[in-house]
Trainee: 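One structure coming up, written as structure tokens, with questions to follow.
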Amino acid sequence: MLNLNERAKAQFNQELSELSHAEIYKILLDLVQEKTAAMPQNQGKRKLYYISAEFLIGKLLSNNLLNLGLYDEVAAELAENGTSLAEVEEAEAEPSLGNGGLGRLAACFLDSIATLGLNGDGVGLNYHFGLFRQYFENNKQSYQPDEWLDHPTWLKKSDISYKVPFGQFTLQSTLYEIDVPGYNQPNVNKLRLFDLDTVNPEIIEEGSINFDKTQIEENLTLFLYPDDSDRNGNLLRIYQQYFMVSNGAQLAIQEAIERGSNIHDLAEYVVVQINDTHPTFIIPEFVRLLTTEHGIDFEEAVEITRNVVAFTNHTILSEALEKWPLADIHEVVPEIAEIIVQLDEIIKDQFPDNEAVHIIDEWGTVHMASIAIHFGFSINGVAALHTEILKNNELNHFYEIYPEKFSNKTNGITFRRWLMAANPSLTNFIDEHIGTKWREDADLTDLLAFENDDKALDELRRIKRENKNALADHLQRTRGINIDRHSIVDVQIKRIHEYKRQQMLALYIIYKYHEIKAGNIPGTPITIIFGGKAAPAYTIAKDIIHLILSLSELIENDLDVAPHLKVVFVDNYNVSEAEYLIPAANISEQISLASKEASGTGNMKFMLNGALTIMTWDGANVEIAEQVGEENVYPFGKSSEEIVNLYATDGYDPQDYYKQERIQPIVDFIISDELMAYGIPERLNRLYKDMTSKDYFMALIDLEEFIDVKEKVYLDYEDRRDWTRRSLINIANAGYFSADRTIAEYNKDIWHLDQ
Ligand SMILES: *Cc1c(COP(=O)(O)O)cnc(C)c1O
């Protein structure tokens, strides 16, 4: 017995049943904090530091209770007192420490690292207002600071603090920590988030996310990815990155010494995984610390660092591979700029004619990925296809030099959050049919025995219906949005980017709208749900949001079409929203332009929850099709080789596709009077012009095939029994995408931590 009632009386002098959700949340937060504080830290000579600009951890209450084995007990005691965990968790603010897939991956990895009993902490920054809170006004994206720290949080202030020496001044950090318990594990790890006591929210301009970018002491950890469209913004990003890595490196060295390192043997004590290029400055920072603070000579410092740092690449979009002007780095922290120049000299001596692998190019720009590949011991891609593209195209010059450094680690997701916590009914269904061993090994294939079991399939359909009801209630309660509970739920949730091709789904909606107007009524009403933020400086992405919101309003107001088709854009998409949307989905939209999505992890969450995937041959979609069989997904579109080749030969002209009979009227509708009645001419015209003249991410190239495959999917859904059978097959084959498998591979091939 946890006796929450005793705690209610002690803490609030009231019965549990009389407390607000916020008060019960506080009681459970304290309970969990007490438990984890009493648990020993993971031990081991060698320790991993997973350093990342983002950790999209989501709410922690359910997940922590689950991992600590308290979930059922708490749920039962709350039920006795007339409430539920879901209701109580409404009082928890989602930490705003991440923005998309890369940050969510880091969060899933922390859960799996702890669950495998590995000695490894996360290291990052404690952003006070996150990226931004998204809301819609006049069919446009608008911004507010996300004030998550105003609520009781899981952060614990430590007494650890370091001096970070910038060129103009030195700042003193404060370290906050969040305990990370693994599933059924005796020990805990931590997420360690550095911050500054001098940060000042008052400098944010009222009603915006703008602030004075030059006041580093006051602005450093206000926001994740602050606007970098001007030089001060660039400098601020470098200030943030250096602050993160300097603290991380000092922490790693100090703890290694405490565990017995004599510094020369640092690599036996520390491994640092850098999540994309944002933490790359940790390489020159290690060299700086080792030479200036620990008396190591330069050459040995470089060698030690090279044996400590491993790099994960997350993207092949060249605009996302970070580059900074050397002059900017020099302005922020001259010592680091000087070390980078020395590292570049080593490479230029070694490979004088191989300019593609130089660190500083002829324009004085520093290529962060080049530092990470030369001066780390490992580089990995995040899905099989992505790693092949890195080796054969994007990073081929490096692969030729260091073939042994390259490996693939296909991404994964934690089943604790994305199945057990997000979908308790499905979790029970699995337990009842195949026992609970899957909770340890993620093997769900025994479910295949129920492929033709009518009772099991009926049960699965009932669960999907329940989850749709929970989503419908949630959208009604939080936004006043009503969706048809009997409709097919078709979902595309992810950051808004042209390569992910939300605009292609919008074009399909235009097609479907006209089909329904013409009397071709779908067998089942359709609800298409979008969610995702656009970067504030990314004009076309914001125009795509505007197109979708305008279409949504147009359809809502059309009495012929509205009963059969609804388009919803869920504002401020985050982990908490995903936990409602994914268990309710029938269809998972994974339609990126082939070769552009490194892996995707949303695709895995949907599969695990029984949605069927409409997919291009991109990222981990390829491996999903491999696991589940092509007949149980809906593939379409050009292959990644074709697309890579089109870019190489400049061979794509959107006009070739625009002129097709079925396409032109769809695209032209963007600038029709009908849609203009709901939209802003400037935005719709700009999007139309871009799509018909440039269309850099080729939305039109796959549109014909996309329309055909969507029509087939909706038709197939009419055979509910067979649909549910294939849904079961998807769930049964999702085991490969457990992050526990991914982390076991990282450990075996890269980290070599004791277990
Ligand atoms: C999983 C997840 C993502 C990544 O989604 P992709 O479809 O892989 O881009 C982004 N945001 C949130 C909140 C997520 O949970």
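Residues take their numbers from the sequence shown, with the count starting at 1. Counting starts at 1 for both ligands and their atoms, in listed order.
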Trainee: Could you verify whether a donor N or O on one side chain and an acceptor N or O on the other, from W617 and E642, lie under 3.5 Å apart?
Mentor: no
Trainee: Taking the six-membered ring for Trp and the single ring otherwise, decide whether the centroids of Y696 and Y647 are under 6.0 Å apart.
Mentor: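 Yes, close enough.
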Trainee: One pair per line, please: each N/O atom of ligand 1 matched with every protein N/O atom under 3.5 Å away, atom names first, then the distance to 0.1 Å.
Mentor:
residue: ligand 1; atom: 7 (O); partner: K494; partner atom: NZ; Å: 2.7
residue: ligand 1; atom: 8 (O); partner: T601; partner atom: N; Å: 2.8
residue: ligand 1; atom: 8 (O); partner: G602; partner atom: N; Å: 3.0
residue: ligand 1; atom: 9 (O); partner: K500; partner atom: NZ; Å: 2.8
residue: ligand 1; atom: 15 (O); partner: K605; partner atom: NZ; Å: 2.6

Trainee: Tell me yes or no: between the side chains of D716 and Y634, is some donor less than 3.5 Å from an acceptor?
Mentor: yes
Trainee: Taking side-chain contact (heavy atoms from CB on, under 4.5 Å) as the criterion, tell me which of L224, D276, L97 meets it with E54.
Mentor: L224
Trainee: With distance as the sole test, does R741 use its side chain to make a donor-acceptor pair with the main-chain N or O of N411 at under 3.5 Å?
Mentor: yes
Trainee: Have K500 and Q492 got a donor and an acceptor in their side chains that come within less than 3.5 Å?
Mentor: no
